[in-house]
Amino acid sequence: MNNEFFDALELIAREKGISIDYLIEKITNAITIAVKKDFGGVEAVNVVLDPLTRQYKVSIIKDVVREVEDPVNQITLEEAQRYSKRAMIGEPVEIKLETKQFGRIAAQTAKHVIRQGIREAEREQMMNQMGGKVGEVVTATVNKIDPANGNAFVQMDKNEVLLFKNEQLPNDNLQPGDKIKVYVVDVTSSEKRCSLKISRTHKDLVKRLFEMEVPEIFDGTVQVKSISREAGSRTKIAVYSKDENVDPIGACIGPKGMRVSNIIEELGGEKIDVIQYSEDPAQFIAAALSPADVTEVILSDDGEKIAFVSVPDSQLSLAIGNKGQNAKLAARLTGYKIDISPDSAFTPVAPAKPQKEEEETVDSKTDELLEEQQEATEEIQQEAKQELE
């Protein structure tokens, strides 16, 4: 029986990657709690679990007294001598228990606490292994896919982690055995479990992949200034070189486009625009709207981060993008609200500055004229867009 018990312990330790000493500590505590509960709250319980000698012993300790006042923790000399011929009044006596004496409740309690101990060990192990990997990219192996909701269970350093469907790329078609790159967003620990959040849609996954593929980013020569992403569809990444002799865009694309191609392949064909970052917001915004050509960029002069952009009429649809995707990504990348117009209808109107309290009353007729002008501009833009489409 002892051999089977310790064989099972060693098997659990190997499968879970948990120290057998840690398991024994948790099981010892579990058995102690179970025995105390099953024997009416006895104070002294001795549990010996030795994996070397494979000794397994559980006993309770009672004080030998002339007159018993606390039957849970005290015992008469006559009764104590049934367990030890050397028993003496005033000394403790050890009463060895057989496993069957634990009772059903004690066994259930021990089973519950042992399971809890294993979960705690797994949680601590995951915290130790993954805590230092938050913000990094890890290679995971797909174990299985839940057909009901599409969630994937992936293996990471002997830990099975859940990759939710909404954290997968829209074009992911994961199958058991697939090797995928995931971004470790966070790892948290609670009393019940350790929770690891991983993602393939996080924008920093792209940043880390570029660090892995582009030595100039890894060593700091080229810096990633900002990223905007619609996972599975398109990403814009703004890069800057501290060394005037290093072309940041060329470094990211790589010889014959190999570097960026490897990242695109990992992301299932997601388009990636590598943008030259500029300290000049107008130049940065113009670059961010690529592949569209930009005629002019005028920044709002009232302190608001608004840019009025003019593009050739033939480029309007390209600048806006399918369902406005290109314009939205450019806005997120630069941090500016971008108002795009074709050259034929480019009439930027900067919003009025807030007036002092005594000047807050504005002539209503002026407001109407401004509204009419704005509506007319929007109509022209819409018509131009429809004609191009």
Side-chain angles (χ1 to χ4, degrees), residues 11-18 115-214 224 227-237 259-272 322-323 325 328-329 332:
L11 181 61
I12 292 173
R14 284 197 302 271
E15 287 183 348
K16 301 293 184 179
I18 303 170
R115 284 179 175 173
Q116 183 179 6
I118 293 173
R119 285 197 299 269
E120 288 176 2
E122 290 179 313
R123 183 171 68 245
E124 289 183 16
Q125 174 183 280
M126 183 179 291
M127 285 294 293
N128 293 335
Q129 289 179 345
M130 306 308 298
K133 294 185 179 180
V134 172
E136 299 297 331
V137 170
V138 177
T139 300
T141 304
V142 179
N143 282 349
K144 59 183 177 180
I145 307 295
D146 188 334
N149 51 34
N151 293 338
F153 294 87
V154 301
Q155 194 74 20
M156 297 169 55
D157 292 337
K158 297 184 179 180
N159 298 303
E160 189 172 68
V161 183
L162 185 61
L163 176 62
F164 289 100
K165 179 65 176 177
N166 62 354
E167 295 294 344
Q168 299 172 31
L169 299 178
N171 48 0
D172 273 343
N173 183 24
L174 303 181
Q175 300 295 330
D178 286 352
K179 301 281 187 183
I180 58 172
K181 295 281 196 309
V182 297
Y183 180 76
V184 182
V185 180
D186 194 16
V187 55
T188 57
S189 179
S190 63
E191 291 185 1
K192 293 185 178 180
R193 63 190 179 93
C194 179
S195 177
L196 188 66
K197 183 179 180 182
I198 57 176
S199 174
R200 280 175 56 78
T201 63
H202 200 285
K203 67 178 184 179
D204 283 345
L205 171 63
V206 179
K207 180 179 180 181
R208 296 304 182 199
L209 290 175
F210 268 97
E211 289 177 353
M212 294 167 66
E213 287 288 340
V214 183
V224 176
I227 296 177
S228 60
R229 185 184 187 202
E230 286 196 7
S233 180
R234 192 170 198 164
T235 288
K236 288 182 182 286
I237 177 170
R259 291 175 179 175
V260 74
S261 294
N262 291 338
I263 298 171
I264 291 172
E265 183 179 355
E266 175 61 40
L267 299 178
E270 182 174 320
K271 294 179 182 178
I272 297 178
N322 184 28
K323 298 180 181 179
Q325 183 189 71
K328 286 189 291 185
L329 288 175
R332 291 179 204 158

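By convention here, the first residue in the shown sequence is residue 1. In this text, all values refer to a predicted model and were calculated from it rather than measured experimentally.
Here the shortest heavy-atom pairing between Val185 and Ser199 reads CG2-CB, 3.8 Å. In terms of heavy atoms, Leu169 sits closest to Ala231 at CD2-CB, 3.9 Å. What you find for Val184 and Val138 is that their closest heavy atoms are CG2-CG2, 3.7 Å. Shortest non-hydrogen contact noted between Ser228 and Leu329 is OG-O, 2.8 Å. Between Ile180 and Val154, the shortest heavy-atom distance links the atoms CD1-CG1, 4.3 Å.
Crowding of Phe153 atom CZ: a count of heavy atoms from other residues, nucleotides or ligands under 6.0 Å exceeding 12.
Checked by atom type and distance alone, the side chain of Gln175 never pairs as donor or acceptor with a backbone atom of Lys144 at under 3.5 Å. Judged by distance alone, with hydrogens and angles left aside, the side-chain atoms of Asp146 form no donor-acceptor pair with the main-chain N or O of Asn151 at under 3.5 Å. Asp186 places no side-chain N or O within donor-acceptor distance of the main-chain N or O of Lys197, the cut-off being under 3.5 Å.
With respect to Arg200 and Glu266, a salt bridge is recorded, a charged nitrogen being found less than 4.0 Å from a carboxylate O. Arg332 and Glu230 are joined by a salt bridge, as a carboxylate oxygen and a charged side-chain nitrogen come within less than 4.0 angstrom of each other. A salt bridge links Glu211 with Arg208: the distance from a Lys NZ or Arg NE/NH1/NH2 to an Asp or Glu carboxylate oxygen falls below 4.0 Å.
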Residues Gln325, Ser233; criterion side chain to side chain donor-acceptor pair (under 3.5 Å); working and verdict:
CA-CA 9 Å; Gln325 183 189 71; Ser233 180; 2.7 Å; yes

Met156/Leu196 under side chain to side chain contact (heavy atoms under 4.5 Å, CB included): CA gap, chis, key distance, verdict
CA-CA 11 Å; Met156 297 169 55; Leu196 188 66; 4.0 Å; yes

Criterion side chain to side chain contact (heavy atoms under 4.5 Å, CB included) on Val224 and Ile237, from CA distance to verdict:
CA-CA 7 Å; Val224 176; Ile237 177 170; 3.8 Å; yes

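No option in Ile272, Leu205, Thr235 other than Ile272 meets the side-chain contact (heavy atoms from CB on, under 4.5 Å) test with Ile263.
Put simply, the side chain of Lys271 does not reach to within 4.5 Å of the side chain of Ile264, judged on heavy atoms.
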